[in-house]
Trainee: 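Provided herewith is a single structure, encoded as structure tokens, for subsequent inquiry.
Note that this is a predicted model, so its numbers are computed, not measured. Note on naming: letters A, B, ... go to the chains in the order of the sequence lines (proteins, then strands), and numbering restarts at 1 for each one.
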Protein chains: 2
Amino acid sequence: MAQFINAKTDIIQDAINGLVAASGGRLARLDGYPFTRVVVRSDWDKEKVAIISGGGSGHEPAHAGYVGEGMLTAAICGDVFASPSVDAVLAGIRAVTGAAGCLLIVKNYTGDRLNFGLAAARARESGLKVNMVIVGDDIAIPDLKQPRGVAGTLFVHKIAGATAESGRDLDVVTAAAQRAADQVFSIGMSLSTCTMPGGAREDRLAEGEIELGLGIHGEPGAETLPFETASKALSSAIERLTPHLEAPHYVAMLNNLGGTTALEMSILVETLRTSRIGDRVSHIIGPAAMMTALDMHGFSISLYPADREDLERLSAPTRISAWPGLNSFSAPGVVAMPAAEVGEHVSPSLDSRTEALLKSCCTALIEAEPDLNALDAKSGDGDTGSTLATAARAILDGMDRLPLNDSTLLLRALGRILSETMGGSSGVLLAVFFSAAAEASAKQKDLIAALSDGLSRMEDVGGAKPGDRTMIDALAPALEALGNGFAAAASAAREGANATAAMTKANAGRASYVSATKLDGHTDPGAEAVARLFERIAAQ
Amino acid sequence: MAQFINAKTDIIQDAINGLVAASGGRLARLDGYPFTRVVVRSDWDKEKVAIISGGGSGHEPAHAGYVGEGMLTAAICGDVFASPSVDAVLAGIRAVTGAAGCLLIVKNYTGDRLNFGLAAARARESGLKVNMVIVGDDIAIPDLKQPRGVAGTLFVHKIAGATAESGRDLDVVTAAAQRAADQVFSIGMSLSTCTMPGGAREDRLAEGEIELGLGIHGEPGAETLPFETASKALSSAIERLTPHLEAPHYVAMLNNLGGTTALEMSILVETLRTSRIGDRVSHIIGPAAMMTALDMHGFSISLYPADREDLERLSAPTRISAWPGLNSFSAPGVVAMPAAEVGEHVSPSLDSRTEALLKSCCTALIEAEPDLNALDAKSGDGDTGSTLATAARAILDGMDRLPLNDSTLLLRALGRILSETMGGSSGVLLAVFFSAAAEASAKQKDLIAALSDGLSRMEDVGGAKPGDRTMIDALAPALEALGNGFAAAASAAREGANATAAMTKANAGRASYVSATKLDGHTDPGAEAVARLFERIAAQ
């Protein structure tokens with residue numbers, strides 16, 4: 001499966017360089033390529049206890065992404081899913097460890113234990129104070145003496161990092177980390193395996209299956225279950241977590257194993273909240289991709305019975321963007337809907353001239369129905385005429401409820417009727433046109449200026465300009481000429497509408513999807529409708 | 001393709017509830033389910049200009065993930081890839097807009113333009129000040145009059161949000177947003193399409209193909225190219241960006257379209273840095289999933305010629321964890337490797353009793369080679385004997401260079417020889433054993449106490465305890481008995497070694513992968529070696 005990599009041998013180096021380059025100078029790397037791949041804080045003065053972690057790569061942002069003030073001092077990066085060497089770990093230890101000593105936080109895998117363990121021994125030989133805490137938080141396999149270290153390790157990183165940052169000594173830091181390592185527990189689920197860089201994704205899981213109790217290296221889960229919904233899947237995970245629940249409240253970490261969408265992760269949060277352990281989760285970290293297995297389409301939940309000090313440490317600020325922060329967890333806050341816009345009661349009013357004008361417009365549109373439909377059939381679904389006729393009939397029907405002697409209120413009311421009866425884009429656009437015209441009219445602009453404002457807003461919202469083969473090609477010149485009377489406007493509208501027949505490259509609206517030859521020689525139905533309106537008015 | 005969802009109709013509601021529940025009270029939602037899905041800041045007092053965005057879902061964390069101090073005031077969420085309704089947008093506007101007015105930031109899609117546009121018109125009718133900025137940053141299709149709004153929209157969100165947060169009025173906020181919208185440009189690439197929730201992933205792309213110039217809704221890219229490496233792919237994207245480069249320096253945003261691993265994203269950062277436009281990128285945002293297309297395995301690059309004010313706005317602090325922050329972009333900082341541990345010069349020294357003891361131990365191991373290999377063949381690859389014999393020969397060969405009269409230095413030297421000649425886990429574990437023993441010896445502990453410390457550290461690092469069918473089953477009782485003399489130690493070691501024959505469930509080491517029946521009746525080769533050592537010493 002193709003992936004965004006260059007030379008396969010350079011994967012880790014390239015990624016570390018990218019991480020460090022994008023860190024704004026907060027990170028650096030040791031000059032030890034190709035064998036020593038260690039990311040360090042660039043501002044580190046060895047005054048405080050150093051926190052060191054690492055292991056195989058492929059779990060990003062862990063571990064290098066957590067290097068920074070208040071979390072890790074250094075991360076030692078192995079190849080994908082492979083422990084770094086003793087020499088690399090030792091180089092990392094010696095690069096950042098001062099008189100205050102260092103704590104190694106190691107996930108419970110044989111390779112990591114051995115390589116970090118021997119490096120620690122060597123570092124002690126040269127007089128450095130080195131402690132080590134091993135994290136084995138995975139509860140997938142009951143009674144396993146060597147449980148794997150998975151996402152719960154992040155609790156240990158943050159708690160140790162915040163404790164060290166506050167200036168406490170190595171024993172205090174180690175004790176805080178050990179307590180976290182001892183008490184955090186995790187379980188993972190996945191709908192897929194993961195894809196090794198340059199390799200293929202193993203198709204172990206059939207469609208409709210999910211694995212429960214898996215690690216972070218693509219190894220099979222402890223169980224394969226049928227998958228139906230997020231809720232049922234989470235229930236299975238919770239069943240495994242429940243026997244370990246002793247404290248009244250927990251911090252939950254919801255970790256994306258890499259390939260789960262943000263949408264799904266939020267759904268899982270809600271599913272957890274409404275699950276039967278939801279009320280025992282007082283705080284949440286994430287959802288976020290924190291300890292991944294490359295692109296695995298899964299998640300893990302870690303639970304930790306944090307005490308007051310732990311909560312402070314977990315919420316201590318850090319600039320590390322991969323750390324999503326600790327939040328309290330509760331039912332989503334709900335804000336009342338704004339009072340529905342009071343159905344503005346508009347008093348009808350009379351104005352015979354306006355009424356006559358409106359009626360003749362409506363009649364013109366109703367009469368034009370078949371012609372406009374025929375034109376529309378050339379570029380669309382042939383309903384422009386019917387749509388406009390429907391709106392026109394609605395206006396005629398409601399004529400005695402219209403505020404005919406108040407142009408602002410009338411324009412507004414027409415916009416409402418059009419948006420309610422026309423539907424589709426043109427209904428919205430005409431509603432915008434009349435609404436903006438009403439707004440301008442309310443500001444004492446004359447009718448021509450108000451309609452021009454409407455046009456301009458309609459252009460903004462619809463994105464069409466003159467020349468784009470829309471109703472604007474007739475409306476714009478008509479409004480421009482309207483100062484010279486209805487006849488001038490009608491003639492400008494007709495000219496504009498006719499010109500659309502030669503516009504074979506529509507840039508907006510549905511006609512933009514139609515080939516040029518099908519449009520050639522046919523006027524745009526919207527522009528034609530506008531021209532007929534103005535012609536009818538001029539003829540009166 | 002299975003996904004972590006519950007009822008398909010509830011996807012957006014579930015996800016919004018999860019997002020709000022995990023926000024620590026900073027977010028709330030409008031009480032308008034199921035049709036109105038609006039996320040708002042819970043601390044909003046309408047004093048400042050409100051910033052509103054939204055659109056179809058499926059782009060998470062956009063847009064609801066960016067609601068918070070200094071970015072969005074409200075996000076209006078449609079269905080996946082579908083615009084929210086006019087009513088929903090209007091409810092959002094009315095919920096957060098005070099006298100200072102609001103700015104709508106809308107991606108350039110017809111549905112969004114129309115629905116946000118009409119909602120704005122309606123809101124203005126009721127006297128609210130509403131401006132709208134439309135973002136069309138996609139340069140995939142040259143000369144397109146209506147370019148799509150993609151990840152560059154995030155620049156507009158942050159710049160408008162920071163400007164509003166600083167208390168500026170609607171005109172200033174709008175102008176800042178409009179400048180950003182006018183000048184940001186983006187292009188996307190992907191190795192895959194995306195999977196609609198509850199749907200299948202369209203297999204449009206063949207293995208080894210990549211699409212260039214695609215949007216965020218799974219629509220085909222402008223071009224399909226052969227894919228070879230991240231570097232060549234990025235070059236094609238840069239070719240399209242280059243004609244738009246006018247300013248000396250740009251802020252680059254590297255956006256994960258959803259399904260790209262963090263490892264790949266960092267590799268893309270490094271590939272960008274070393275590309276021919278690398279030196280024109282002065283700052284970087286990300287890499288991060290900011291404007292996604294569900295699980296699309298792709299990325300987009302946006303470039304923006306930020307001025308001094310923009311840089312301040314983009315780097316203004318915010319607690320929104322989905323905003324990765326703005327960093328300067330430069331070559332990765334490199335720190336010198338710590339001076340290689342000076343090959344500690346150890347002066348050889350003589351001690352005839354120690355020499356004799358060592359020699360007989362080595363001889364015992366060499367003689368035991370075939371027996372130990374045979375035992376190991378029951379549970380492993382049959383080389384325990386040879387591995388130990390090789391190490392023993394190395395010790396014999398180097399006897400005249402050993403510091404025989406200094407137990408601390410000798411233990412340390414033995415550890416080195418074993419780790420260098422044995423390889424594998426046992427070499428590391430024995431190195432840890434001797435190194436820790438040396439450390440204890442340096443603290444004036446007697447030899448038995450020092451060796452016990454070594455054992456305890458080896459247990460810590462290796463994770464094995466007595467009873468786990470390892471060499472510890474002989475070593476631990478031997479050291480315990482050693483105070484009573486070599487004979488007692490030898491007999492304890494033998495008893496311990498023999499007992500391993502009945503330990504059919506190995507918990508550590510390689511034998512843990514072997515079935516019980518294969519182990520039954522055979523002593524562990526490591527324990528056997530320890531027993532033979534002590535027996536030889538006792539017999540002297």
Trainee: With a 4.5 angstrom heavy-atom cut-off, could you sort out which part of A/E207 is near chain B: side chain, backbone, both or neither?
Mentor: side chain
Trainee: What part of B/A95 is in contact with chain A, defined as an atom under 4.5 angstrom from a non-hydrogen atom: side chain, backbone, both or neither?
Mentor: both
Trainee: Does A/E125 form a salt bridge (Lys or Arg N to Asp or Glu O under 4.0 Å) with B/R416? I'd like the steps, not just the answer.
Mentor: CA-CA 11 Å; A/E125 286 180 3; B/R416 288 294 161 113; 2.9 Å; yes
Trainee: Sort A/R29 into side chain, backbone, both or neither according to what part of it lies under 4.5 angstrom from a heavy atom of chain B.
Mentor: both
Trainee: So what's closer than 4.5 Å to chain B heavy atoms on A/P317: side chain, backbone, both or neither?
Mentor: neither
Trainee: Measuring heavy-atom distances to chain A, does B/I134 have an atom under 4.5 Å in its side chain, in its backbone, in both, or in neither?
Mentor: side chain
Trainee: Between B/A436 and chain A, which part of the residue has a heavy atom less than 4.5 Å away: side chain, backbone, both or neither?
Mentor: neither
Trainee: Mind ranking A/D10, A/I11, A/T195, A/T260 by heavy-atom pairs under 4.5 Å with chain B and telling me who comes out on top?
Mentor: A/I11
Trainee: Nearest 0.5 Å please: distance from the OG1 atom of B/T274 over to the CG atom of A/N6.
Mentor: 7.5 Å
Trainee: Answer with side chain, backbone, both or neither: which region of B/L114 has an atom nearer than 4.5 Å to a non-hydrogen atom of chain A?
Mentor: both
Trainee: Does one side chain, of B/S328 or A/R26, offer a donor that lies under 3.5 Å from an acceptor on the other?
Mentor: no
Trainee: What is the distance from atom CD of A/E264 to atom CD of B/E60, rounded to the nearest 0.5 Å?
Mentor: 10.5 Å
Trainee: Would you say the side-chain atoms of A/N327 pair up with the backbone N or O of B/A22, donor to acceptor, closer than 3.5 Å?
Mentor: yes
Trainee: Quick one: closest heavy-atom pair of A/D31 and B/M337, and the distance?
Mentor: O-CG, 3.4 Å
Trainee: So for B/V40, is it side chain, backbone, both, or neither that comes closer than 4.5 Å to the heavy atoms of chain A?
Mentor: side chain
Trainee: Measure B/V281 against the heavy atoms of chain A and call it side chain, backbone, both or neither at under 4.5 Å.
Mentor: neither
Trainee: Does any backbone or side-chain atom of A/M458 lie under 4.5 Å from a heavy atom of chain B? Answer side chain, backbone, both or neither.
Mentor: neither
Trainee: Heavy-atom distances under 4.5 Å only: say whether B/F227 touches chain A with side chain, backbone, both or neither.
Mentor: side chain
Trainee: In terms of side-chain heavy atoms, does A/S425 have a donor or acceptor partner in B/R113 at a distance below 3.5 Å?
Mentor: no
Trainee: Based on non-hydrogen pairs under 4.5 Å, which of A/I284, A/V269, A/L263 is most in contact with chain B?
Mentor: A/L263
Trainee: Contact part of A/D87 toward chain B, heavy-atom cut-off under 4.5 Å: side chain, backbone, both or neither?
Mentor: neither
